[in-house]
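Data block below; observations after.
Bear in mind the structure is a predicted one, so any value in this text is a computation, not a measurement. Counting convention: from 1, in listed order, for ligands and their atoms alike.
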Amino acid sequence: MSAMPKPRGRQFFANPGPTNIPDSVLHAVAHQTVDFNDPAFLEVYDACVAGLKRVLRTEQEVFLYTGSGHAAWEASLVNLLSPGDTVLILESGYFSESWAKMAKDLGLEVQTIAADWRRGVDMAAVQAALEADKAHAIKAVCVVHNETATGMMIPPAEVRAAIDAAQHPALLLADTISSLGSLEFRMDDWGVDACVGGSQKGLMLPTGMSFTGVSAKAMQVHQGSRLPKHYFNWTNMQQRRHRSFVGTVPTSFFYGLAESLRLIEQEEGLDNVIARHSRLARAVRAAVQHWSGNNGPGLYCQNPARLSDSVTAILMPEGHDADKLRALCLQRFNVSLGGGLGPLGGKVFRIGHLGDLNEPMVLGTLATVELAMQVLGVPHAKGGVDAAIAALA
Ligand code: PLP
């Protein structure tokens, strides 16, 4: 017998990804199997690729994969680089480290611009590292646009400016996994050469499909890349009708994507989607900043210019376990929060505020966190929810 009865009611899912899936997208995904070359499906497919390009704000190439974000990460590296090439990784947290580890495992040299996870990378250091690389050993600069582990946004346009100021030919690779469809992202305007995205966050789909936007410059570099690849090979993909997917096309995803694009572009409008994320994020931060008043938990990200509008990481007061708070929220109140990743395990919990989310969902989550802190005796200034309401009103 479990100690606690299973909670009733709908689960409040406040994870930073995967995220809530709108009912209409769930219904759309539950589509009967079709031949992926069926002309009726191809119409849906082509419209989805065109829509995805609009959300990425690109008129260049997009390649899609059956696989989570890691697949698109790997595709971005193996299609653009050769054994022994150097990639410059801008440290932001757990996900920049994971991308760096992948690059090493693939036989690349990794140079890191070290950064305080609470403040983020200094663009002058990025420019200086590129200026020091006279032989142009660095072939790509990798930035995680929104570091999901720390709740920090690093502006890719500033990275592009640093590369250009150093007059360095390196490609700019941006991870948009927890920013796309939530924060502003402009692949072409910001000079991003390859961007990596996934289905399960701002696009509000199940996990399992990912993609890369690729610039014309990157497509040229791709021709000379020598890392082994087959499933991810963009040249193989270009020869296929779908210009993506070496193998069976996951058709169900496209019925879901067509609906999620309809919600994003037609029902709400991409600019309104971004404004909603910013509004909800401000409410979450207002609550957290209020709680911190009485030696309570506080914002992990300490750089006001880089606070993420899709996820907030919250640092627990010394001696209080974030995972205990999360377990109480889940088991007793049916609220699922994100945990701390890597060295932040037990120290940080994360509130995801991206995707299919509104004010009452955010307020419900904040109220539950406040309740859980009271139950567990975690110090905090009472009234965080009022601060959130004030931010929203
Ligand atoms: N990059 C970022 C910023 C992420 O948030 C994640 C996952 O949460 C990943 C990469 C890895 O993606 P996936 O877990 O879909 O493989």
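- A side-chain donor-acceptor contact under 3.5 Å links E91 and W117.
- For ligand 1, the polar-atom distance check against N146 finds no nitrogen or oxygen pair separated by under 3.5 Å.
- At under 3.5 Å, a nitrogen or oxygen of K201, whether backbone or side chain, sits near a nitrogen or oxygen of ligand 1.
- Under a 4.0 angstrom heavy-atom cut-off, T207 registers as lying outside contact with ligand 1.
- Counting non-hydrogen atoms of neighbouring residues, nucleotides and ligands closer than 6.0 angstrom, the OH atom of Y94 reaches no more than 12 such neighbours.
- Between D309 and R285, at least one side-chain N (NZ, or NE/NH1/NH2) sits under 4.0 Å from a carboxylate O, which counts as a salt bridge.
- Nearest protein neighbour of atom 14 (O) of ligand 1, counting heavy atoms only, is H70 ND1, 4.0 Å.
- Which parts of ligand 1 touch V144 is read off a 4.0 Å heavy-atom cut-off, strictly below it: atoms 3 (C).
- Atoms of ligand 1 lying under 4.0 Å from any heavy atom of D175, numbered from 1 in the order shown and given with element: 1 (N), 2 (C), 3 (C), 10 (C).
- The distance from ligand 1 to the heavy atoms of S68 drops below 4.0 Å at these ligand atoms: 13 (P), 15 (O), 16 (O).
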**Item:** Derivation and outcome, side-chain contact (heavy atoms from CB on, under 4.5 Å), residues S336 and F12
**Value:** CA-CA 6 Å; S336 175; F12 271 53; over 6 Å; no
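- By the 3.5 Å distance cut-off applied to N or O atoms, W73 is not counted among the residues near ligand 1.
- The protein heavy-atom contact nearest to atom 6 (C) of ligand 1 is F95 CE2, 3.2 Å.
- Ligand 1 has a nitrogen or oxygen under 3.5 angstrom from a nitrogen or oxygen of Q200.
- Listed by atom number, the atoms of ligand 1 under 4.0 Å from T148 heavy atoms are 2 (C), 3 (C), 4 (C), 5 (O).
- A salt bridge between D23 and R10 is present, with a side-chain N of the basic residue lying under 4.0 Å from a carboxylate O of the acidic one.
- When only modelled atom types and interatomic distance are considered, Q200 and T207 share no side-chain donor-acceptor pair under 3.5 Å.
- Between the side chains of R240 and S244, not a single donor N or O lies within less than 3.5 Å of an accepting N or O.
- Taking a cutoff of 4.0 Å between a charged side-chain nitrogen and a carboxylate oxygen, E359 and R279 qualify as a salt bridge.
- Considering backbone and side-chain N/O of G69, one or more are found under 3.5 Å from N/O of ligand 1.
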